[in-house]
Asks: 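Attaching a single structure in structure tokens format; questions to follow.
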There are 2 protein chains.
Amino acid sequence: MNQSEAKRGRPSKDKDSLSAELIISKVKFMMDGTGKVPSMRAISKELNVDPMALYYYFNNKSILLEGVAKSLMSEIYVPSGKLDWKQELKKLSISYLAILKKYDGLLETLLSMSSNSPADVFISRFSLIVSPLKLRNDQEKAFLDLLVDYLHGFSMALACDSTGELTPDCADNSLDFLFKGVRVRTTT
Amino acid sequence: MNQSEAKRGRPSKDKDSLSAELIISKVKFMMDGTGKVPSMRAISKELNVDPMALYYYFNNKSILLEGVAKSLMSEIYVPSGKLDWKQELKKLSISYLAILKKYDGLLETLLSMSSNSPADVFISRFSLIVSPLKLRNDQEKAFLDLLVDYLHGFSMALACDSTGELTPDCADNSLDFLFKGVRVRTTT
DNA sequence: TTAATATATTCTACAATGTAGAATAAAGTT
DNA sequence: AACTTTATTCTACATTGTAGAATATATTAA
């Protein structure tokens, strides 16, 4: 709350009071367009609440941001199982890129998370899609790392690009190039 | 300078006085180990100078950091021309990664630079190495983007990794996987 | 030589950031 | 009714980048 116009102490019961979910959804709303993470003060202002109120729900800012990141997992493409692996992988990658573009301020948060991150969801869906290829374990791992790190790198490039020339579909060619090179182990 | 123990105004002529180069090399020295960018105050303290003195040489911090980034170009591998393209590209990539690891706080600076960045040097050396492959233009571009963005993504993962499990040579497998997939156009 | 100007520095100060710590008031429990 | 827990606001601090003004030396012009 602002200049001494707000009551201190626990507020009287209210249906739509503050909550972790409300905070997270407000942050996502505020990131829309810019993709940048707002300051704690800016968030609290949008919620008509004192900055420190946020700390009741999240111990610190990076935990709040991890909460936001976790909430994005549902936006990742779920393989249909009906398309061939290249198409599925393309769809998976594009959906992941779309998230990274929309919330690029979360990239570091994402990479720093030890588990339950969108990256983990991506990884498990990748494995699902790619399993029919019967790649050797180390080959699948190499493929996965290459793809994931490429996507992170690309979205960083997107975020840093001030010219506006770079768009998400610039990734298309590189993805095709990558997929084309994958040697499918023909079943013996 | 610190608590009012320093003379104001232009200092009397001195051989080893402040300069853009001195500032840049001090920043590089300070980044050694952590890879993190120091604050302007921290830099100025190391140089026994007032923070604002730095602004005489660089209009703002990000221009200073661009200066640091530019100075790193010389550390990028120069193709010998004696190895095959895979080995050359591997060496080029590894040297680039080593820089990114050592100075990971500069990643954003690097990606935001419009020209004369180490990334540009990387690109031109890539072209040199890869030209014998006679790839189609769009294919070479796709390859390059894939590689560069992968390297940026990987070094971001390195920087964010708190477990310490991730090391630069984890990139080896992915690079091999990538190179193996490249279809060389056999000369007609 | 002296006056004017350019150069290189320090000092003070401000706005923005994350957040620790204490005060406070309503809700829930005994 | 007293005590405890919960959810909030307020105050305050350290850190950041850097604008603006004061100042002292170096260089150039008169």
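Since the structure is predicted, the reported quantities are computational estimates derived from the model, not experimental observations.
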Asks: What is the separation between atom CG on A/Asn59 and atom P on C/dG18, rounded to the nearest whole Å?
Replies: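 Rounded to the whole Å, the gap is 16 Å.
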Asks: Just the rounded figure in Å: distance from P of D/dT8 to CG of A/Leu22.
Replies: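 Rounding to the nearest Å, CG of A/Leu22 and P of D/dT8 are 10 Å apart.
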Asks: A/Met40 or B/Leu18: which one's nearest nucleotide on DNA chain C is closer to the 5' end?
Replies: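 Going by which nucleotide is closer to the 5' end, it is B/Leu18.
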Asks: Between A/Asp32 and A/Lys28, is there a salt bridge with N-O shorter than 4.0 Å?
Replies: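 No, no charged N to carboxylate O under 4.0 Å.
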Asks: For A/Lys36 and C/dA16, give me the distance from atom NZ to atom C1', rounded to whole Å.
Replies: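 Going from A/Lys36 (NZ) to C/dA16 (C1'), I get 18 Å.
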Asks: If you check every side-chain atom of B/Arg41, which of C/dT10, D/dT16, C/dT19 has the closest atom?
Replies: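 Looking only at heavy atoms from C-beta outward on B/Arg41, the closest nucleotide is D/dT16.
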Asks: Could you check whether B/Phe154 and A/Tyr150 have their ring centres less than 6.0 Å apart?
Replies: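 When the ring centroids of A/Tyr150 and B/Phe154 are compared, they turn out to be at least 6.0 Å apart.
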Asks: I'd like to know if A/Asp138 pairs up with A/Arg136 as an ion pair, taking the criterion as any Lys NZ or Arg NE/NH1/NH2 lying under 4.0 Å from an Asp or Glu carboxylate oxygen.
Replies: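 Between A/Arg136 and A/Asp138 there is a salt bridge, with a charged N closer than 4.0 Å to a carboxylate O.
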Asks: Starting at CZ of B/Phe58 and ending at P of D/dG17, how long is that distance when rounded to a whole Å?
Replies: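 Computing the B/Phe58:CZ to D/dG17:P distance gives 15 Å.
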Asks: B/Gln87 and B/Asp84: side-chain donor and acceptor closer than 3.5 Å?
Replies: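 The criterion, which ignores hydrogens and geometry beyond distance, is satisfied for B/Asp84 and B/Gln87.
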Asks: Would you confirm whether the ring centroid of A/His152 sits within less than 6.0 angstrom of the ring centroid of A/Phe122?
Replies: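 No, too far apart.
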Asks: Taking the side chain of B/Tyr55 as heavy atoms from C-beta outward, which of D/dG17, C/dA26, D/dT25 is closest to it?
Replies: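 Looking only at heavy atoms from C-beta outward on B/Tyr55, the closest nucleotide is D/dG17.
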Asks: I want to verify a distance call: between D/dT16, C/dT12, C/dT19, whose nearest atom is closest to the B/Met52 side chain?
Replies: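 That would be C/dT12.
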Asks: On DNA chain C, does the nearest nucleotide to B/Ser17 precede the nearest nucleotide to A/Asn60 from the 5' side, or the other way round? Give the residue.
Replies: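 On the 5' side of the pair lies B/Ser17.
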Asks: When the distance from NZ of A/Lys61 to C1' of C/dT19 is rounded to whole Å, what number comes out?
Replies: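 It works out to 12 Å between those atoms.
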Asks: Give the rounded distance in Å between these two atoms: CG of B/Leu54 and C1' of D/dT16.
Replies: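 Checked: the CG to C1' distance equals 14 Å.
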Asks: Measure the distance from CZ on A/Arg10 to C1' on D/dT5 and round it to the nearest whole Å.
Replies: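 Taking CZ of A/Arg10 and C1' of D/dT5, I get 7 Å after rounding.
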Asks: Could you check which of C/dC11, D/dA24, D/dG17 has an atom nearest any side-chain atom of B/Asp50?
Replies: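 Of all the options, the side chain of B/Asp50 is nearest to C/dC11.
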Asks: Measure from the side chain of A/Ser39, starting at C-beta and using heavy atoms only, and say which of D/dA24, C/dT9, C/dT17 lies closest.
Replies: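 Shortest atom-to-atom distance from the side chain points to C/dT17.
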Asks: Which nucleotide, D/dT18, D/dT25, C/dT9, lies nearest any side-chain atom of B/Tyr57?
Replies: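 Out of D/dT18, D/dT25, C/dT9, the nucleotide with an atom closest to B/Tyr57's side chain is C/dT9.
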Asks: Report yes or no: is there a donor-acceptor pair, N or O only, under 3.5 Å between the side chain of A/Arg8 and the base of C/dA23?
Replies: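 Check passes, donor-acceptor contact within cut-off.
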